[in-house]
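Protein chains get the first letters and strands the later ones, always in sequence-line order, with residue 1 at the start of each. Worth saying up front: this structure is predicted, and the values here are computed from it rather than measured.
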Amino acid sequence: MERTLVAKTPELVGQKVLVKGWVQARRDHGKLIFIDLRDRSGLMQVVFWGGGDEALFKKADSLRSEYVVAISGTVQKRSENQVNKDLPTGMVELAAETLEVLAESATPPFEIDAVPGEVGENTRLQYRYLDLRNPRMARNIRMRHKFIKEIRNFLDSEGFVEIETPILTKSSPEGARDFLVPSRLHHGEFYALPQAPQQFKQIAMIAGFEKYYQIAHCFRDEDLRGDRQPEFTQLDMEMSFVDQEDVLEINERLFQTVIAKLYPDKKMPKKFPRLIYDEAISKYKSDKPDLRKNKDDNDELAFAWITEFPVFEKDESGKLTFAHNPFAAPKDEDLEKLYSDDEKTLLSMRSKAYDLVLNGYELSSGSIRIHDMQIQRRVFEMMGLNEHQIKERFGNFIEAFKYGAPPHGGMAPGLDRILMILQEEPTIREVIAFPKNGEMRDLMFGSPSPATPEQLRELGIKTVE
RNA sequence: GGGCCGGUGGAGCAGCGGAGUGCUCGUCUCCCUGUCACGGAGAAGGUCGCGGGUUCAAAUCCCGUCCGGCCCGCCA
């Protein structure tokens with residue numbers, strides 16, 4: 001007999017069906033036992049009567065939470081006063097005729113349908129497979145899937161190509177701390193995990209794909225926050241022959257299309273308002289202002305663009321460093337300032353860099369890139385890199401630009417953050433199936449963990465002490 | 001690296017110097033034919049994170065340490 005999902009049963013009144021799933025609850029009334037059966041489609045009630053098949057009834061009596069079962073029986077319409085209006089399958093129930101226990105379950109350390117936030121996150125992360133059985137968590141992960149699927153549909157229809165870029169790649173010298181992977185064949189040398197596929201996507205433009213995207217895993221070895229994980233997912237995208245206007249326009253359409261389809265109750269501006277960086281700072285004291293009229297309204301999506309970021313800023317030591325991204329192109333009218341040696345002039349330079357912000361969160365950075373390597377070299381020089389360092393760190397990248405690099409630009413919205421906001425969750429951990437805890441540990445598998453002496457020897461790593 | 005908060009039966013909490021005292025849920029046994037957070041009766045389950053100190057007496061106060069959460073730094 002073919003398996004039926006419980007959500008289908010309301011259409012199958014009077015028919016014999018076989019359902020499979022987990023026992024969410026057992027209500028024992030002596031001569032009458034109810035089971036709430038959960039599968040990926042939802043919940044349904046199963047009834048066992050005493051007085052008939054004694055062996056079947058005894059077996060039903062032995063069921064416990066989270067047992068995996070296969071039950072066959074007849075779908076019955078419930079009488080008027082027995083309908084459960086809170087359950088999509090509440091107008092029917094299954095009159096059980098056979099019961100097979102496919103797997104028993106130990107008593108779960110917490111209740112599967114616990115109120116969100118009631119169970120400590122530590123415990124939840126350690127038993128994530130149980131936590132993900134919670135309807136709210138399952139819904140988050142399924143919405144994440146749909147959201148990514150709609151993004152792919154949209155970008156595919158716009159002529160974008162999804163290209164996978166390597167996870168084992170080269171250390172980028174600035175910005176966040178890299179995760180390093182020791183090389184076995186080349187002792188003392190390391191791969192770095194990508195902080196973003198930045199240079200690869202620019203290379204893809206030189207390769208002529210013109211429109212690239214990737215649901216990209218990014219890695220940054222910095223301390224965690226509620227909206228920060230060591231590995232996270234960005235919608236990474238890049239386009240050739242575009243100006244800033246084109247990038248902003250397609251992203252507005254992307255988010256409006258996808259969100260309107262999946263979250264019809266959410267309200268967002270038809271045209272995302274724009275704020276010049278200096279204006280945002282002076283008016284809101286923030287480069288990621290929360291522009292909602294009502295800060296408690298979770299259905300209001302106050303998207304906004306922040307534009308014209310500074311090219312340079314000073315770090316705490318007073319050294320000049322790039323403010324946004326070393327690949328962001330300065331505004332055309334500011335280009336000549338790049339050759340000034342006056343610090344004030346340099347600090348007044350503005351770039352074709354832009355951020356997408358939403359309800360007080362930075363969703364995305366992006367920019368029109370420098371595609372003239374003379375200018376790119378100059379930016380690196382201004383950051384204090386000498387000729388040797390530029391060649392060492394960016395030589396191959398710069399080399400590629402000799403061979404016909406089209407003007408290009410892009411951006412990379414963080415998927416975890418936008419899903420956190422759309423699902424109205426307090427942290428991005430709630431929309432990531434298997435996140436790390438605040439100390440960057442995977443509590444389920446116990447990583448990081450020590451390597452064996454053999455592994456270390458192969459990698460040429462001597463342990464300290 | 002720094003600041004703040006927390007750690008008490010399986011889960012979540014209360015107790016904050018006087019007996020492991022209490023609550024909700026779960027677990028186990030028994031009863032129950034219409035429940036759906038079923039109900040009723042009973043029971044089991046604890047090194048109060050760990051180590052040291054103060055005290056007649058420590059879950060409670062102090063010091064240290066481990067673990068966790070939030071924030072600052074950091075996050076091209």
Side-chain angles (χ1 to χ4, degrees), chain A residues 24-38 43-52 57 61-62 64-66 76 78-87 89-91 93 95 105-127 130-131 171-178 194-199 218-230 232 288 309 311-313 315-316 321-328 351 353 355 362 365-367 369 379-380 383 393-394 412 414 426-427 429 436-441 443:
Chain A
Q24 172 133 334
R26 180 183 61 119
R27 290 180 292 280
D28 184 348
H29 287 246
K31 294 281 182 306
L32 181 65
I33 296 173
F34 298 102
I35 297 292
D36 287 342
L37 186 77
R38 183 187 69 243
L43 273 182
M44 96 170 296
Q45 176 165 278
V46 180
V47 200
F48 295 87
W49 281 274
F57 192 74
D61 194 47
S62 73
R64 294 293 181 272
S65 285
E66 300 307 312
Q76 296 181 340
R78 298 199 203 180
S79 68
E80 201 76 20
N81 58 328
Q82 286 169 8
V83 167
N84 182 348
K85 290 186 180 61
D86 298 327
L87 212 59
T89 61
M91 72 295 292
E93 63 191 7
S105 169
T107 302
F110 51 86
E111 288 152 80
I112 298 304
D113 55 348
V115 180
E118 191 179 280
V119 180
E121 200 175 14
N122 219 12
T123 312
R124 292 176 51 204
L125 288 176
Q126 189 182 343
Y127 298 94
L130 299 179
D131 189 40
S171 172
S172 68
E174 298 289 338
R177 195 177 291 115
D178 285 317
Q195 296 182 25
Q198 179 70 28
Q199 293 179 56
C218 304
F219 306 84
R220 294 176 192 180
D221 190 4
E222 297 293 344
D223 287 358
L224 272 41
R225 289 286 188 283
D227 64 350
R228 268 168 28 194
Q229 281 274 301
F232 57 99
K288 45 180 182 182
F309 275 77
V311 176
F312 296 110
E313 64 186 10
D315 65 18
E316 63 269 32
T321 179
F322 51 88
H324 205 76
N325 176 322
F327 308 109
S351 69
D355 272 6
E362 179 192 322
S365 285
S367 64
R369 322 298 181 189
V379 170
F380 288 145
M383 284 159 44
R393 296 172 186 183
F394 297 104
T427 77
R429 295 189 294 271
K436 305 282 188 290
N437 76 355
E439 294 295 314
M440 256 195 241
R441 284 188 184 281
L443 297 177

Choose from [options] the nucleotide whose nearest atom is closest to any side-chain atom of [X].
{"X": "A:Arg228", "options": "B:U33, B:G73, B:C70", "result": "B:G73"}
{"X": "A:Asp36", "options": "B:U33, B:C36, B:G10", "result": "B:C36"}
{"X": "A:Arg429", "options": "B:C75, B:G69, B:G26", "result": "B:G69"}
{"X": "A:Arg64", "options": "B:A11, B:U29, B:C25", "result": "B:U29"}
{"X": "A:Thr123", "options": "B:C75, B:U33, B:G12", "result": "B:G12"}
{"X": "A:Arg225", "options": "B:C74, B:G26, B:A11", "result": "B:C74"}
{"X": "A:Asn437", "options": "B:G69, B:U35, B:U33", "result": "B:G69"}
{"X": "A:Glu439", "options": "B:G34, B:G68, B:C75", "result": "B:G68"}
{"X": "A:Thr107", "options": "B:G26, B:U35, B:C72", "result": "B:G26"}
{"X": "A:Thr427", "options": "B:A11, B:G34, B:C70", "result": "B:C70"}

Exercise. Atom CZ of A:Phe110 and atom P of B:C13: how far apart are they, to the nearest Å?
Worked result: 14 Å
Exercise. Between A:Met91 (CE) and B:U35 (C1'), how many Å, whole number?
Worked result: 17 Å
Sugar-phosphate, base or nothing in reach of [X], heavy atoms under 4.0 Å:
{"X": "A:Ala328", "answer": "nothing"}
{"X": "A:Arg177", "answer": "nothing"}
{"X": "A:Gly226", "answer": "sugar-phosphate"}
{"X": "A:Glu93", "answer": "base"}

Problem set entry | A:His29 ring over B:C38 six-membered base ring, under 5.5 Å and 30° | yes
Determine whether a donor-acceptor pair (N or O, by modelled atom type, separation under 3.5 Å) exists between the side chain of [X] and the backbone of [Y].
{"X": "A:Arg26", "Y": "A:Asp61", "result": "yes"}
{"X": "A:Arg78", "Y": "A:Gly90", "result": "yes"}
{"X": "A:Ser351", "Y": "A:Phe309", "result": "yes"}
{"X": "A:Glu66", "Y": "A:Pro108", "result": "no"}

Quick check: any donor-acceptor pair below 3.5 Å linking the side-chain of [X] to the base of [N]?
{"X": "A:Gln82", "N": "B:G34", "value": "yes"}
{"X": "A:Arg27", "N": "B:U33", "value": "no"}
{"X": "A:Asp28", "N": "B:C32", "value": "yes"}

For this session: Give a yes/no on whether any side-chain N or O of A:Arg441 is located under 4.0 angstrom from OP1 or OP2 of B:G69.
Result: no
Exercise. Is the shortest distance from a Lys or Arg side-chain nitrogen in A:Asp223 or A:Arg228 to a carboxylate oxygen in the other one below 4.0 Å?
Worked result: no
Exercise. Is a salt bridge present between A:Arg429 and A:Glu121, judged by a nitrogen-to-oxygen distance below 4.0 Å?
Worked result: yes
Exercise. So do the side chains of A:Asn325 and A:Gln198 get within less than 4.5 Å of each other, counting heavy atoms only?
Worked result: yes
Problem set entry | Base-paired stems that RNA chain B participates in, counting runs of 3 or more Watson-Crick or G-U pairs under 3.5 Å | B:1-7 with B:66-72, B:10-14 with B:21-25, B:27-31 with B:39-43, B:49-53 with B:61-65
